[in-house]
Amino acid sequence: MIDENRLSQIARIAGGRDACPHASAKPIRPPAIQPCWVSDHTLLGHGFRRLGFAKRSLLACLLIFLFSFAHSTDKPNILLILSDDHSLPHLGAYGCANCTTFGLTPNLDQFAKEGMRFNRAYTASPQCAPSRTSIFSGRSPIGIRATRFSQPAPADTPFFTDILRASGYWIGIDGRHQHLDGKKNDADHITEALVEQNVRGETFESRFDHFVQGIKTKGETLNEISDIFGSVLDKAPDAKPFFLYFGFSQPHRKWGDDHDGIDPATLQLPPDWPDLPEVRLDYARYLAEVRDLDTGFGQVMSVLEERKLKQNTVVIFMGDNGEALLRGKGTLNQRGINVPLLIRWPNQIKAGVVSEALVSGTDLAPTLLDIASLEPAPGMTGKSFKSVLLGESTQGRSEVFAERGWHWGPITRSDGFDLSRSITTDEFHFIYNALPDRRYTPVDMATKNIAWDAVQTAHHSGSLKPIHERLYFSESRPVFELYEVKEDPFQLHNLAGNADFESIETKLRENLDRWMIREGDYLPLPSHAWSIGRKK
């Protein structure tokens, strides 16, 4: 028997709400969404194009329906788990000495042994909302006009979940708020405007079979993850493969006072942090959140195993952006955008493999579609790295890009409003600061934070080391920054302007120009800023 809701959905994508005779009157996707992977050429070529629009749309929707019905049960389930404000190296699997010493991440470390670990995965933005939107759209935030924190992608932007759903997948969204529909709690008039644009509310949520705007996984809820996750799986029909997004709130601030079993005095600190007792205590509390994340992740993996879903489920674990610690979240430093990425695909990915391939958050969409034997939507700029997963190639991209716009904070400080762009290659990391006169302020730490308060107190008393004075309290920062990734992982020595690296800096600056032009960026181009600064 034909599933009329399913056929209606395909009709909406293949040619409009009324293209298929069984299409329901109620739209299930935003009206502006157009055919994204069914083109005249993908089906029957020029002969297909000579058919009338109505017949062409009807034939398209019927062919896709029959194809997806025949093959949907052969496709793997896909589970995407995102941690929140979690960057390298904060897993034992990534060589985090503190995680290993205190045994903080046994579940994730075991998971890393069962699949592939990526050392060079980068989010498209060092902020939650833009980075998550880029993951679902396969495009940069600036390219879909979503670079401002909490601005959703336009309604006509296809998500990879739209394509999976049309091919027969059941689609679920649960756990921590994923920001796809903007800020969770906003002013009434803003919410109304989002609903009017079909990027929030019933029309938006109908793009998914199961949609929970967001729950916190902290506190007592952490002990309920198994039940919550299991109840979501209960909704997925046995006859369909599922895609499920499940987000964790950890290790996002605010953190509790508890850091039981983690001794702040013995923690190893990176050299770009002032070694102060309050910095150590704040860090210990962060690591306790990482431990909670690992506990919740372990519960999810146990449910998969108990339900005998492990072998046919591709599991992706990734950080959404960098940690809310000094020089992390909200910056385009490596700590702000370089995140853990672990993928397990039983019988396809060799266990315990480590990849140095460059991966962007925008690459997840085409990769997950590729795993499901589906084409990406036109306009997706991400690149599939399925060949890397299967061991057919060791090479990923030659470069990845990231951007920073407004965050939730005062527009007069860098934690609230900053404009910067970056490009990262195998060897180098280049940052363009379009607001160089803005003094650094850490995101989510600016007020009532023991670590930042202590750093400021040390600054005012003159007791900070010169390097920390420069990193945190310079009146202005360079317009351009250039670092060797492997030789200078904490980005202490800016090579921009160094004659020995002039050709490299020029190449990266020009490649960043090209990317900004392709994405329709509104900032002055780096090369223009560079050349104007040299005119007399």
Side-chain angles (χ1 to χ4, degrees), residues 82-92 96-108 128 175-177 184-185 214-226 228 247-270 272-299 319-330 335-336 340 407-409 415 441-461 463-464 468 472:
L82 291 188
S83 54
D84 198 346
D85 296 357
H86 184 205
S87 53
L88 260 61
H90 290 115
L91 292 178
C96 172
N98 296 317
C99 295
T100 302
T101 298
F102 297 105
L104 304 182
T105 57
N107 295 302
L108 283 159
C128 302
R176 184 251 197 266
H177 185 217
K184 189 173 181 180
N185 299 309
I215 62 170
K216 290 184 178 181
T217 61
K218 295 191 175 192
E220 292 301 318
T221 308
L222 180 62
N223 301 319
E224 303 169 4
I225 296 300
S226 294
I228 295 170
F248 279 93
S249 306
Q250 294 88 346
H252 193 287
R253 292 182 186 268
K254 300 178 177 178
W255 306 328
D257 295 333
D258 175 52
H259 56 89
D260 187 41
I262 303 173
D263 182 7
T266 62
L267 292 176
Q268 294 187 21
L269 301 187
D272 58 328
W273 291 1
D275 191 350
L276 301 171
E278 295 84 356
V279 171
R280 288 181 168 275
L281 177 57
D282 192 55
Y283 188 29
R285 291 170 177 172
Y286 172 83
L287 291 173
E289 290 280 321
V290 172
R291 179 171 57 193
D292 286 350
L293 164 69
D294 186 80
T295 298
F297 179 84
Q299 292 182 55
D320 71 332
N321 55 253
E323 63 210 30
L325 295 167
L326 298 172
R327 300 185 79 212
K329 180 179 181 179
R335 190 180 290 128
H407 195 72
W408 189 255
D415 59 323
T441 307
V443 169
D444 294 347
M445 297 177 64
T447 58
K448 298 180 181 180
N449 176 266
I450 58 170
W452 184 238
D453 287 348
V455 172
Q456 292 182 93
T457 298
H459 161 66
H460 292 305
S461 68
S463 59
L464 279 183
H468 299 133
Y472 296 106

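We use all heavy atoms of the structure for the numbers below, so side chains are in, but hydrogens, waters and symmetry mates are not.
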*Step by step, work out the side-chain contact (heavy atoms from CB on, under 4.5 Å) result for Cys128 and Asp320.*
CA-CA 6 Å; Cys128 302; Asp320 71 332; 3.4 Å; yes
Donor-acceptor under 3.5 Å ([X] side chain, [Y] main chain):
X	Y	value
Lys218	Lys254	yes
Ser463	Ala458	yes
Arg335	Leu326	yes
Lys184	Gly214	yes

For the [atom1] atom of [X] and the [atom2] atom of [Y], what is their distance to the nearest 0.5 Å?
X	Y	atom1	atom2	value
Leu287	Leu267	CG	CG	6.0 Å
Asp292	Thr217	CG	OG1	8.5 Å
Asn107	Gln299	CG	CD	9.0 Å
Leu104	Glu289	CG	CD	12.0 Å

Which heavy atom in [X] sits nearest to a heavy atom in [Y], and how many Å separate them?
X	Y	answer
Gln268	Ala97	NE2-CB, 3.7 Å
Ile215	Ser249	O-OG, 3.9 Å
Leu91	Pro340	CD1-CB, 4.0 Å
Asp85	Pro251	O-CG, 3.4 Å
Gly92	Cys99	N-CB, 3.6 Å
Ile450	Leu281	CD1-CD2, 3.7 Å

So do the side chains of [X] and [Y] get within less than 4.5 Å of each other, counting heavy atoms only?
X	Y	answer
Leu222	Gln250	yes
Leu293	His86	yes
His407	Asp415	no
Tyr472	Arg327	yes

*Tyr283/His90 aromatic ring centres below 6.0 Å*: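 Yes, they do, as the ring centres are separated by less than 6.0 Å.
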*Take Asp444 and His252 through the side-chain contact (heavy atoms from CB on, under 4.5 Å) test and state the conclusion after the steps.*
CA-CA 9 Å; Asp444 294 347; His252 193 287; 3.9 Å; yes
*Given side-chain contact (heavy atoms from CB on, under 4.5 Å), test Arg280 with Trp273 step by step and report yes or no.*
CA-CA 10 Å; Arg280 288 181 168 275; Trp273 291 1; over 6 Å; no
_Test log, rule side-chain contact (heavy atoms from CB on, under 4.5 Å), inputs Leu325 and Tyr286_ = CA-CA 9 Å; Leu325 295 167; Tyr286 172 83; 3.8 Å; yes
*asked:* Taking Lys216 first and then Asp84, would you say they form a salt bridge - that is, a charged N and a carboxylate O separated by under 4.0 Å?
replied: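 Salt bridge absent between Lys216 and Asp84.
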*Set of ring-ring contact (aromatic ring centres under 6.0 Å, His included) partners for Phe248, sequence neighbours left out*: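 By the ring-ring contact (aromatic ring centres under 6.0 Å, His included) rule, Phe248 matches Phe246.
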_Worked check of salt bridge (Lys or Arg N to Asp or Glu O under 4.0 Å) between Arg253 and Asp282_ = CA-CA 11 Å; Arg253 292 182 186 268; Asp282 192 55; 2.6 Å; yes
